[in-house]
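Scroll down for the structure; my scribbles are underneath it.
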Amino acid sequence: MDAALALWRGPAYADFADYAFVETAVARLTELRLAAVERADLSVAELGALVKAHPLREGIRASYMRALYRAGRQTEALESFDELREMLLAELGLDPGPALVELQQSILTQELPQARSNLPAQLTELVGRTDALTEIDACLVSSRLVTLTGPGGVGKTRLALAAGALAADRFADGVVLVELAAVTPDALSVQDALTDAVQVAMELRDAGSAPVVDRLAAVMGTRLLVLDNCEQVIEEVAALADRLLAAAPGLRVLATSREPLGLAGEVVWSVPPLDVPAPTLEPEAVSECSAVQLFVTRAAAASRGFTLTAETVADVAVLCRRLDGIPLALELAATRVRALGVRGLVARLDDRFRLLATGHRGAAPRQQTLHAMIGWSWELLSAEEQTVLRRLAVHADGCTAEAAAAVCGEPDVLDVLVRLVDRSLVVPVDGMRYRLLESVAAYCVEKLRAADELEEVRQRHLLYYVSLAESAELYGAEQGRWLQLLDEDAANLRTALDRAISTEQTELAVRLVDALAWYWFLRGRQLEAMRALEAVPLGAWRVGFMYLLGDSRAAAERERWVDSADARGLWWIAYAASDAGDLAMCMALLERALNDFDDDPWGVAAVLLARAKHAHVRADLPALFADASESARRFRELEDRWGVLQATSWLGAHAELVGDFEEALRLHQEGVQLAEQLGLWPEVAGALGMLGWTAIRQGQYDVARTNGERAYRLATEQGQRATQALAELVLGFAARRTGALDEADARLQAMIDWSRKQDEPALYLSLVLVELGFARELQGRSAEALELHRESYRVSAEFESLRGMCWALEGMAASLPDKALAARLLGCAAATRATENYLMAASETFDIDRAEAAAVAVLGADAYAAARADGAALSPDEAFALAET
């Protein structure tokens, strides 16, 4: 399909477009092309351009929506659907077709396979592996663990990527490639490095203190995990795969390794070399051999005009046999055709292989061939090219040209890199990075040792990546770009830190951890941060991450470091601890930080942001709006999208509280988009949860359920308890208010049970207690309901939340058998709401109306009014004291 589309050049019959005799042919060919485009694997950008050119074509629109969704841009996918619906209605008076409507619903409910696939696009065609792909695909259907084995250079990785792409549609949660070449036995903890690599590949954030492997298993769903290059740490990979497969029934694993993992149920598929022509094969049949096809394809790319002819066929056949059909060896040889010709290449290889034949008797024959081929390619390089190539081997997972220049000590390295790419010894990645294939890297490490350069070059690698981390601009306009750059170099940064710690270079380790801590936070790699902070004395960072991970020792650790912390350290501790319940302590730290942030505009904006969160807990609407607005203004000036996202969320919360639901929806939608742009998936879930909560307040319970379910799935995948709780809150409220009392009871009780197990009550506890109280009252369990509302009042008083106290008083009024007292409680709550200007949304008056009607029915209208007036004169605490007796 893609190859066919690549042959299309411009409009059909463009030179004759004005002639009537071609109209039918043009229409037919254009339709055929568009139909093919709808089924092709195109990028979001390409599909976006096609949508602009054909805005009413539903097939292209559907492909565009799927591409956006699978890129994590769900909001834009839904907006594209709305755009088409409006255009169809305005221009044709039609609605979108059933298939497109069904697709929209699948995106809303996240039932469309998310396909968070990170499989890289391949620059070249996979040659000669059609039958192999079919067999591997069949193995993945019947078996949960398939391992592709074979010597280096035989094409295991390339085959695994193709197999993963072929099978992708069968996995609702996508295909994830985890490249393990950068995980070496030299890591401080191989197990931690492995789980970090999996989390990074899946774009997961750390959460809580649960074992990482258990959390990974919990979010696997129906997924294919491709573990590439397992042989360096085969035992640890086998242990990880075994635990994941045992705990995640929807998971399948496709591994590549030079040896099997050795697990029960493993299907070992030995990757064969490509077919080589037999010496007796007729020349006309040589071109049918896959090794020949690959060599000719790569040789033609290296030497324009090269083809398989009667003059070259015999030499090509000999060369393919001599190289044992090993794809990497064939590709290395193909780069030399332009300089040597096939006949000259064969002659030199024969001489070279005879010379090296005695040097590798302990290796398998095909491995001898590959080693000899790499060695021959090495000796054809200039001294400068050899120097650069061997020094590149210290990089964990590729590098930029700038990094190559610094680590190799060669200022004009780009020209050398280009020449090495031309010789297939260096592979370009995404156009801006370069990496060595595993076999080439291993060869070059040997050369580094032989040149006595290994330690020196590793030290240059460490110094460069410390400098890179310290130059990262993560607090302003360049935040998004630097997040991506650090993502790309995550393996190199981890390797550099391991070296700094293992060689006791404490100063460099401290600098690197201090520079990376905010990056780890933004990317949710809290466990990685904590492991680093166990080795370096950075107390404030350590305390904050302990709070985020729910470590019970955080408060004691805080006392050790809070006096010596600078302004940002104080802010960080207060911000991270804000969900732990000690709001007074957090506010005190924030005020101290604010006083010290004289020349730090980011710090001032961050304090205002944290204060807005506290104001929301207290339902202090003026303070919430003032601090969130000023924080958003300052963060916008700084162009810090993380800060804008956080401040926007609290502005949306304020809009929801004052009843401006349209503004709340706009702000939370903006939050979704900002979070998606930064790849902050927990924040996407949080914004979706707030959209659901706003829908609850509007009484739009179906919309609330949809957004709540989307938020819950994403939060669960990310393992984010706080965000998951918000989604559960939305779903529990929607269930109770649509009459699904048993579902509401189960959801709300589970949230309460979890909160009660914590050292400090969760911020949402009072709200959930009230809602469960209403559910129990409607179930006829008034005594239980009353106790829940009393507990809610006590929690709200602890948080100084007058709004929460009002809810609790109204809940008690609905449950009390003494209707005169109920009337007093309702009067107190109404007066407090009026004094504090707390808005009651239309959807929230239903329970109060029920309580009032029940009291009027018993007391009569006049007695009810008198009792309510008495209550209006009481403070909330006085009213609660009456209800406790």
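For this chain, numbers begin at 1 and follow the sequence in order.
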> How far apart are the C-alpha atoms of Trp520 and Gln526, what are their side-chain angles, what is the distance that settles it, and do they pass the side chain to side chain contact (heavy atoms under 4.5 Å, CB included) test?
Replying inline: CA-CA 6 Å; Trp520 284 327; Gln526 294 153 8; over 6 Å; no

> Do the numbers put Arg568 on top of the ring of Tyr475, so that NZ or CZ is under 6.0 Å from the six-membered ring centre and no more than 45° off the axis?
Replying inline: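 So Arg568 does make the cation-pi contact.
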
Heavy-atom pair of closest approach, residues [X] and [Y]:
{"X": "Glu777", "Y": "Ala785", "answer": "N-CB, 3.7 Å"}
{"X": "Leu651", "Y": "Ser629", "answer": "CD2-OG, 3.3 Å"}
{"X": "Ala675", "Y": "Leu645", "answer": "CB-CD2, 4.0 Å"}
{"X": "Val703", "Y": "Ala695", "answer": "CG1-CB, 4.0 Å"}
{"X": "Leu100", "Y": "Ala62", "answer": "CD1-CB, 3.6 Å"}
{"X": "Ala612", "Y": "Leu624", "answer": "O-CD1, 3.3 Å"}

> Only one of Gln646, Gln677, Gln479 forms a side chain to side chain donor-acceptor pair (under 3.5 Å) with Arg641, so which one is it?
Replying inline: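 For Arg641, the side chain to side chain donor-acceptor pair (under 3.5 Å) test succeeds with only one of Gln646, Gln677, Gln479, which is Gln677.
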
Is the shortest distance from a Lys or Arg side-chain nitrogen in [X] or [Y] to a carboxylate oxygen in the other one below 4.0 Å?
{"X": "Arg666", "Y": "Glu670", "result": "yes"}
{"X": "Arg747", "Y": "Glu743", "result": "yes"}
{"X": "Glu473", "Y": "Arg481", "result": "no"}
{"X": "Glu810", "Y": "Arg850", "result": "no"}
{"X": "Arg85", "Y": "Glu79", "result": "no"}

Is any side-chain heavy atom of [X] less than 4.5 Å from a side-chain heavy atom of [Y]?
{"X": "His614", "Y": "Cys586", "value": "yes"}
{"X": "His654", "Y": "Leu667", "value": "no"}
{"X": "Phe880", "Y": "Met805", "value": "no"}
{"X": "Leu680", "Y": "Val684", "value": "no"}
{"X": "Phe635", "Y": "Leu609", "value": "yes"}
{"X": "Asn707", "Y": "Val730", "value": "no"}
{"X": "Arg737", "Y": "Glu771", "value": "yes"}
{"X": "Arg790", "Y": "Glu787", "value": "yes"}

Please report the interatomic distance [atom1]([X]) to [atom2]([Y]), rounded to the nearest 0.5 Å.
{"X": "Leu78", "Y": "Gln669", "atom1": "CG", "atom2": "CD", "answer": "8.5 Å"}
{"X": "Phe799", "Y": "Arg794", "atom1": "CZ", "atom2": "CZ", "answer": "14.0 Å"}
{"X": "Leu767", "Y": "Ser792", "atom1": "CG", "atom2": "OG", "answer": "7.5 Å"}
{"X": "Leu474", "Y": "Leu486", "atom1": "CG", "atom2": "CG", "answer": "6.0 Å"}
{"X": "Leu788", "Y": "Met812", "atom1": "CG", "atom2": "CE", "answer": "11.5 Å"}
{"X": "Leu665", "Y": "Met690", "atom1": "CG", "atom2": "CE", "answer": "10.5 Å"}

> Who are the side-chain hydrogen bond (donor to acceptor under 3.5 Å, both in side chains) partners of Ser631, not counting sequence neighbours?
Replying inline: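 side-chain hydrogen bond (donor to acceptor under 3.5 Å, both in side chains) check on Ser631 returns nothing, list empty.
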
>> Tell me every residue that passes ring-ring contact (aromatic ring centres under 6.0 Å, His included) with Tyr712, counting only those two or more places apart in sequence or in another chain.
In response: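 For Tyr712, no residue satisfies ring-ring contact (aromatic ring centres under 6.0 Å, His included) once neighbours in sequence are set aside.
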
> Hey, is CZ on Phe625 packed in by over 12 heavy atoms from elsewhere, all under 6.0 Å?
Replying inline: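 Not buried by this count: 12 neighbours or fewer within 6.0 Å.
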
>> Would Asp742 and Arg736 count as a salt bridge (charged side-chain N to carboxylate O under 4.0 Å, His left out) here? Give the steps.
In response: CA-CA 8 Å; Asp742 290 342; Arg736 204 275 291 183; over 6 Å; no

Taking the six-membered ring where the residue is Trp, are the ring centres of [X] and [Y] under 6.0 Å apart?
{"X": "Phe521", "Y": "Trp541", "result": "no"}
{"X": "Trp602", "Y": "Trp571", "result": "yes"}
{"X": "Phe545", "Y": "Trp572", "result": "yes"}

> So Leu809 and Leu826, side chain to side chain contact (heavy atoms under 4.5 Å, CB included) or not? Walk me through it.
Replying inline: CA-CA 7 Å; Leu809 291 173; Leu826 290 172; over 6 Å; no

> Stepwise, does the side chain to side chain contact (heavy atoms under 4.5 Å, CB included) test hold for Arg618 with Arg803?
Replying inline: CA-CA 8 Å; Arg618 301 191 311 272; Arg803 184 183 179 89; over 6 Å; no

> Are Arg592 and Leu589 close enough, and set up right, to give a side chain to side chain contact (heavy atoms under 4.5 Å, CB included), and what steps lead you there?
Replying inline: CA-CA 5 Å; Arg592 281 181 55 189; Leu589 293 183; 4.1 Å; yes

> When you look at Arg633 and Glu630, which way does the salt bridge (charged side-chain N to carboxylate O under 4.0 Å, His left out) test go after all the steps?
Replying inline: CA-CA 5 Å; Arg633 184 189 70 78; Glu630 181 63 13; 2.5 Å; yes

Would you check if the side chain of [X] reaches a backbone N or O of [Y] as a donor-acceptor pair within less than 3.5 Å?
{"X": "Arg61", "Y": "Ser80", "answer": "yes"}
{"X": "Thr706", "Y": "Asp702", "answer": "yes"}
{"X": "Tyr793", "Y": "Pro876", "answer": "yes"}
{"X": "Ser755", "Y": "Met751", "answer": "no"}

>> With no hydrogens and no angle check, just 3.5 Å: does a side-chain donor-acceptor pair link Gln749 and Arg776?
In response: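 Result is yes, a qualifying pair exists.
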
> Is it the case that Glu656 and Trp693 place a side-chain donor and acceptor less than 3.5 Å from each other?
Replying inline: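 There is such a pair (donor and acceptor under 3.5 Å, judged by atom type) between the side chains of Glu656 and Trp693.
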
>> Using the rule given for salt bridge (charged side-chain N to carboxylate O under 4.0 Å, His left out), can you reason through Arg525 versus Asp487, listing the C-alpha separation, both sets of side-chain angles and the distance that settles it, and then say yes or no?
In response: CA-CA 11 Å; Arg525 297 180 195 161; Asp487 285 346; 3.7 Å; yes

